[in-house]
Amino acid sequence: MRRILGALPLLLFVALAFGIPAIAMVAGAFTVEGSPGLGNLALTLQGGYLLALGNSVKLSAVVALLGAVLGTFLAQAVVTSRSTVLREAVLTASGVLANFGGVPLAFFWVATLGNSGVVSGLLDLPSGSLFTFWGLALVYLYFSVPLMVLVIAPALDGLRPQWREAAANNGATTWQYWRYVALPVLTPGLLGGVVLLFGSAFAAYATASAMGAGTVLPLVTLKIAAALSGDVQTGFENIGLALSLDMVLVAALVMAVYLPLQRRSTRWLQ
């Protein structure tokens, strides 16, 4: 009983911050013209809304995978470096860049690789190359790679030098060491990082909006913003709530895949 009372403030906060908005979202998503119905959800799986949802999933998956690979290699280089100054500088910069997004990030990339950007002019890049799927993925990687560095660096620190020495003494190659020793240890952190990067890219809005990405690459977050501003069909005013519910379902599906893999990787370490 005391444990429940001790957790009561946290439970009340969760109920207010997450429970009530979640109930309102679900209720609104299933309400069409004041009556219960599936019209909003059916509309989100058609035309431009379905295209935006697919674009968001593909973009987030690409950013998550590339960000995880690049971030892990960068973190490994920093962790194995003998320079304390380099390590602290990279980790500090990663902490800053992981939270650098929105309008400032959009302005930075537009001024650099936009149609009239400094680097675009020097390299004579094609007009509009930044405002494409891969251009937006590059922008998202700017904050995703540092975020992965912060996530995976502690796990890499946990790899003891004695493990590598023991593997070498038993005739294991570098590949065998990483395949049978290091990767099983790092798998929970790697999976967690991929899920975190996916969610971060999937929920990103301000950067894509400031870049005007919605005109060339519709995203579900931009569609939600448009719905909230009144760009909806008559009778489907709650389409924004239905799109939000779609995002929650996608996130739940990702977690449903992630949790069993994490449990399996945890058993490897026992």
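The analysis underlying the following values was restricted to heavy atoms, covering all of them including side chains, and did not include hydrogens, waters or symmetry mates. Along the sequence shown, residues carry numbers from 1.
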Taking the side chain as every heavy atom from C-beta outward, state whether [X] and [Y] have any pair of such atoms under 4.5 Å apart.
{"X": "V110", "Y": "F131", "result": "yes"}
{"X": "F143", "Y": "L97", "result": "no"}
{"X": "V62", "Y": "L66", "result": "yes"}
{"X": "L190", "Y": "T72", "result": "yes"}
{"X": "S94", "Y": "L147", "result": "no"}
{"X": "T44", "Y": "L53", "result": "no"}
{"X": "V90", "Y": "L86", "result": "yes"}

What are the two closest heavy atoms between [X] and [Y], and how far apart are they?
{"X": "A106", "Y": "A210", "result": "CB-CB, 3.6 Å"}
{"X": "V57", "Y": "F198", "result": "O-CE1, 3.8 Å"}
{"X": "A182", "Y": "W178", "result": "CB-CE3, 3.2 Å"}
{"X": "G102", "Y": "A206", "result": "CA-CB, 3.6 Å"}

Is it true that a side-chain atom of [X] and a backbone atom of [Y] form a donor plus acceptor pair closer than 3.5 Å?
{"X": "N238", "Y": "T31", "value": "yes"}
{"X": "T221", "Y": "Y205", "value": "no"}
{"X": "S229", "Y": "A226", "value": "yes"}
{"X": "S144", "Y": "Y140", "value": "yes"}
{"X": "Q176", "Y": "T173", "value": "yes"}
{"X": "T92", "Y": "A89", "value": "no"}
{"X": "N40", "Y": "A242", "value": "no"}
{"X": "S200", "Y": "L196", "value": "no"}

Report the distance from atom [atom1] of [X] to atom [atom2] of [Y], rounding to the nearest 0.5 Å.
{"X": "N55", "Y": "L217", "atom1": "CG", "atom2": "CG", "value": "4.5 Å"}
{"X": "L12", "Y": "L16", "atom1": "CG", "atom2": "CG", "value": "6.5 Å"}
{"X": "I224", "Y": "S56", "atom1": "CD1", "atom2": "OG", "value": "8.5 Å"}
{"X": "L228", "Y": "S244", "atom1": "CG", "atom2": "OG", "value": "7.0 Å"}
{"X": "K223", "Y": "L50", "atom1": "NZ", "atom2": "CG", "value": "11.0 Å"}
{"X": "L243", "Y": "L43", "atom1": "CG", "atom2": "CG", "value": "8.0 Å"}

task = Would you indicate whether W163, at its atom CH2, is surrounded by more than 12 heavy atoms from other residues, nucleotides or ligands within a distance under 6.0 Å?
result = yes
request  = Assess whether side-chain contact (heavy atoms from CB on, under 4.5 Å) is satisfied between T132 and L136, documenting all intermediate values.
outcome  = CA-CA 6 Å; T132 61; L136 193 57; over 6 Å; no
request  = Would you sort out whether R164 and V181 count as a side-chain contact (heavy atoms from CB on, under 4.5 Å), showing the intermediate values?
outcome  = CA-CA 8 Å; R164 181 185 288 271; V181 180; over 6 Å; no
Quick check: is [Y] connected to [X] through a chain of hydrophobic side chains (ILVMFWY, heavy atoms under 4.5 Å apart)?
{"X": "W134", "Y": "V63", "result": "yes"}
{"X": "L38", "Y": "L245", "result": "yes"}
{"X": "M247", "Y": "V26", "result": "no"}
{"X": "M25", "Y": "I239", "result": "no"}
{"X": "F133", "Y": "V145", "result": "yes"}

query = Can you say whether the rings of F100 and F108 are parallel (under 30°), tilted (30 to 60°) or perpendicular (over 60°)?
reply = perpendicular
In a table with atom names and distances, give each donor-acceptor pair under 3.5 Å that connects a side chain of residues 148-162 to protein atoms at least two apart or in another chain.
{"residue": "D157", "atom": "OD1", "partner": "R87", "partner atom": "NH1", "Å": "3.4"}
{"residue": "D157", "atom": "OD1", "partner": "R87", "partner atom": "NH2", "Å": "3.4"}
{"residue": "D157", "atom": "OD2", "partner": "R87", "partner atom": "NH2", "Å": "2.5"}

